[in-house]
Amino acid sequence: MSGTPQDAGPGEPAKHGLPELIAERRAKAARLREADAESFPYAFAGVEPIAGVVEAYEHLADGEETEEHHRVAGRLAARRGSGGAAFLDVVDRTGKLQLHARRDVLGEEAFERLTSLDIGDLIGVDGAALRSKRGEISLRVDRFQVLAKALRPPPDKHGGLSDVETRYRRRELDLIASEPARRLFIDRAKIVSAVRGYLDGQGFVEVETPVLQPLYGGALARPFTTHHNALERTLYLRVATELYLKRLLVGGLERVYELGKDFRNEGVSTKHNPEFTMVEFYEAYADYGDVAVRLEELVRAAAAAVGYAGEIDFARTWRRVSFVAAIDEATGIDLASVRDADALRKAISERELQIRTQDATWAQMADDLLSKFVEPGLVQPTFVLDYPVALSPFAREHRSLPGLVERWEAFAGGMEIANAFSELNDADAQRERFEAQRAAAEGGDEEAQPYDELFVQALEQGMPPAGGVGVGIDRLVMLLTGRDSIREVVLFPAMRD
RNA sequence: GCCCCGUUAGCUCAUCUGGUAGAGCGCCGGACUUUUAAUCCGGUGGGGCGGGUUCGAGUCCCGCACGGGGCACCA
């Protein structure tokens with residue numbers, strides 16, 4: 001780091017580029033250390049949240065002062081006025097409070113020290129509540145302590161930080177500059193908490209299963225690969241928690257869930273981050289219809305937790321439509337009568353639909369039709385039911401519709417938010433599905449499931465019939481907070497170096 | 001991986017066909033004892049990186065890096 005005050009030789013003109021701004025602030029910090037032994041304490045006890053202080057004085061009339069004292073702390077966000085009186089805005093995680101500094105109250109020295117602070121500095125304040133003549137609830141500063149110095153200038157105090165790259169790479173600056181950004185991540189925490197609260201309340205047991213796995217599985221995705229030195233073996237970062245959680249159903253936990261990160265080595269987009277948060281929950285003695293109701297309740301609870309007031313109606317029972325009917329509605333192709341790849345390829349080209357048909361299987365094309373022509377239109381929450389078996393190696397065959405499995409995906413806001421099945425609990429059938437995946441892998445499908453013998457053996461112990469659901473938490477947050485990019489709702493999204 | 005767009009001061013943005021790069025905020029100095037993006041006076045700071053064309057490049061050309069949007073892949 002260059003640009004200390006000493007670097008500027010005598011007689012050189014003063015400059016105010018970034019190095020000079022930092023040097024200026026560093027010099028102020030040094031002066032503070034000299035002038036005020038109480039600066040930069042190790043702690044500042046007894047701080048009240050700002051929002052609570054403001055709320056307590058709503059009743060004050062303009063210009064009315066009190067002798068009721070409060071202690072607050074936070075970051076200096078703005079400064080107005082000078083001479084004998086100054087106004088400073090201090091911000092904490094709950095809100096913003098105006099400070100009224102007066103020379104006659106603080107005395108010459110302290111007043112100068114306070115008004116020469118930089119925006120961005122962290123201060124602790126003791127003062128009496130008042131409402132200013134202009135109507136702003138404020139604290140008259142009686143005493144203050146500088147808690148920490150900001151050596152670097154903060155983003156523009158009213159323009160804020162709008163460069164998206166800086167907002168994502170330097171999220172702390174985004175949070176300093178943007179109250180909506182702070183609120184968003186607090187809302188995210190409330191959503192996560194509501195999800196846990198719902199599942200806990202229904203008797204689900206929260207568990208933690210390996211992130212580092214000798215064999216990955218549970219989702220059609222390419223994994224990240226890593227290496228354990230002492231064990232001398234390749235490990236994979238999990239792509240899903242599914243298989244371990246179902247082993248816990250075998251173990252008798254009956255209702256289990258895990259909320260945590262999954263990792264998929266695929267592209268990034270406005271809807272995909274390589275690491276993302278998923279909650280998966282499994283319920284013994286339930287089928288995919290039962291867990292659909294669970295998802296409705298869970299999302300309703302999450303929406304309530306953040307006071308969702310958007311256009312999506314989570315209160316009603318969600319629409320349910322079959323996979324085949326949904327595609328028929330959107331494209332006019334009836335998959336029930338177009339049952340092989342060549343016929344489907346022909347139907348797609350006849351309608352001039354923009355779908356990749358080269359080297360594609362029937363199932364892949366069907367899935368493409370859904371994601372391209374159905375999904376974007378599903379704004380109100382909708383379950384799409386009963387998928388082709390080839391797309392779903394862990395779902396149980398449909399009880400009445402041959403060739404299909406009991407699976408649904410839930411969509412809202414034009415986006416997939418959850419995926420669920422009546423779980424396949426027949427060990428022999430599961431073994432056959434793995435064989436089919438192995439064949440797909442040998443055919444070059446990099447997302448095919450590796451054969452997991454331990455999982456099959458677990459099923460051979462007997463797994464209760466069960467319904468299982470995976471919910472993308474990031475997408476749920478996007479949905480409930482109205483953000484259109486996953487990078488907006490992940491604190492530190494994946495970025496190129 | 002492909003296509004389009006962007007990158008100028010600490011922050012937010014300008015800069016017509018190539019001709020000495022501007023503003024607001026911030027910061028520094030000064031005035032002001034109820035301001036709300038406080039105000040007023042003075043000062044301060046800059047062309048992503050690497051090549052090329054040209055008397056002269058922020059501006060034109062090529063390459064690179066990073067970002068945004070879209071496509072492909074996926075959740």
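- Across every strand in view, B:U44 sits in a pair with B:G26 that passes the Watson-Crick or G-U test at under 3.5 angstrom.
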Filtered N/O pairs between nucleotides 26-28 of chain B and protein, under 3.5 Å:
from	atom 1	to	atom 2	distance (Å)
B:G26	OP1	A:Lys157	NZ	2.8
B:C27	OP1	A:Arg79	NH2	3.2
B:C28	OP1	A:Lys28	NZ	2.5

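- Residue contacts for A:Glu409: at a heavy-atom cut-off of 4.0 Å it reaches no nucleic acid atom on any strand shown.
- Residue A:Glu34 qualifies as open at atom CD: its count of foreign heavy atoms under 6.0 Å is 12 or below.
- Among the heavy atoms of the strands, none lies under 4.0 Å from A:Gly470.
- Ion pairing between a basic and an acidic side chain is recognised when a charged N comes within 4.0 Å of a carboxylate O; A:Glu24 and A:Lys28 show no such pairing.
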Anything under 3.5 Å between a protein N or O and an N or O of nucleotides 30-32 of chain B, put it in a table, one pair a line.
from	atom 1	to	atom 2	distance (Å)
B:C32	N4	A:Ser82	OG	2.7
B:C32	N4	A:Gly83	N	3.1

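- Counting any heavy atom pair closer than 4.0 Å across all strands shown, A:Ile417 reaches no nucleic acid atom.
- Remark: B:U39 base-pairs with B:A31. Criterion, Watson-Crick or G-U wobble with two distances under 3.5 Å.
- With salt bridges taken as basic N to acidic carboxylate O contacts below 4.0 Å, one links A:Arg140 and A:Glu67.
- A:Tyr168 comes within 4.0 angstrom of the backbone, heavy atoms only, and of no base.
- A:Arg167 has its CZ atom 21 Å from the P atom of B:G10, to the nearest Å.
- Of the listed nucleotides (B:U33, B:U12, B:U35), B:U12 has the atom at the smallest distance from the side chain of A:Leu161.
- Salt bridge annotation for A:Glu109-A:Arg113: present, with a cationic side-chain nitrogen under 4.0 angstrom from a carboxylate oxygen.
- Using a 4.0 Å heavy-atom criterion, one finds that A:Met278 contacts no nucleic acid atom at all.
- Across all strands shown, B:U17 forms no Watson-Crick or G-U wobble pair with both key distances under 3.5 Å.
- A salt bridge does not link A:Glu208 to A:Arg238: none of the charged side-chain nitrogens sits closer than 4.0 Å to a carboxylate oxygen.
- If you check every strand for non-hydrogen atoms under 4.0 Å, A:Arg496 touches sugar and phosphate atoms only.
- If you take atom P in B:G24 and the same atom in B:U7, they sit 22 Å apart, rounded to whole Å.
- If you measure from atom CZ of A:Phe87 to atom P of B:A37, you get 13 Å, rounded to the nearest angstrom.
- Note on A:Glu65: a base of the nucleic acid sits closer than 4.0 angstrom, heavy atoms only.
- A:Ser132 comes within 4.0 angstrom of a nucleotide base, judged by non-hydrogen atoms across all strands.
- Partners of A:Phe411 according to the ring-ring contact (aromatic ring centres under 6.0 Å, His included) rule, which considers only residues two or more places apart in sequence or in another chain, do not exist here.
- In this structure, A:Glu112 places its CD atom 12 Å from P of B:U33, rounding to the nearest Å.
- Within 4.0 Å of A:Glu266, counting heavy atoms only, lie sugar-phosphate atoms of the nucleic acid but no base atom.
- At the heavy-atom level, A:Asp104 lies under 4.0 Å from base atoms of the strands shown.
- Counting any heavy atom pair closer than 4.0 Å across all strands shown, A:Arg487 reaches sugar-phosphate atoms only and no base atom.
- Between A:Lys271 and A:Asp474, no side-chain nitrogen of the basic residue sits less than 4.0 Å from a carboxylate oxygen of the acidic one, so the salt-bridge criterion is not met.
- With both pairing distances under 3.5 Å, B:A65 is matched to B:U7 as a Watson-Crick or G-U wobble pair.
- Salt-bridge formation is detected for the pair A:Arg103/A:Glu112: a Lys NZ or Arg NE/NH1/NH2 atom is positioned less than 4.0 Å from an Asp or Glu carboxylate oxygen.
- Atom name C1', nucleotides B:C62 and B:A9: the rounded distance is 29 Å, in whole Å.
- Among the protein residues, A:Thr166 comes within range of no part of the nucleic acid, since none of its heavy atoms lies under 4.0 Å from any strand.
- As judged by a 4.0 angstrom heavy-atom cut-off over every strand, A:Asp367 is placed among residues making no nucleic acid contact.
- Contact of A:Glu136 with B:U34 (side chain to base): no donor-acceptor pair of N or O atoms is detected under 3.5 Å.
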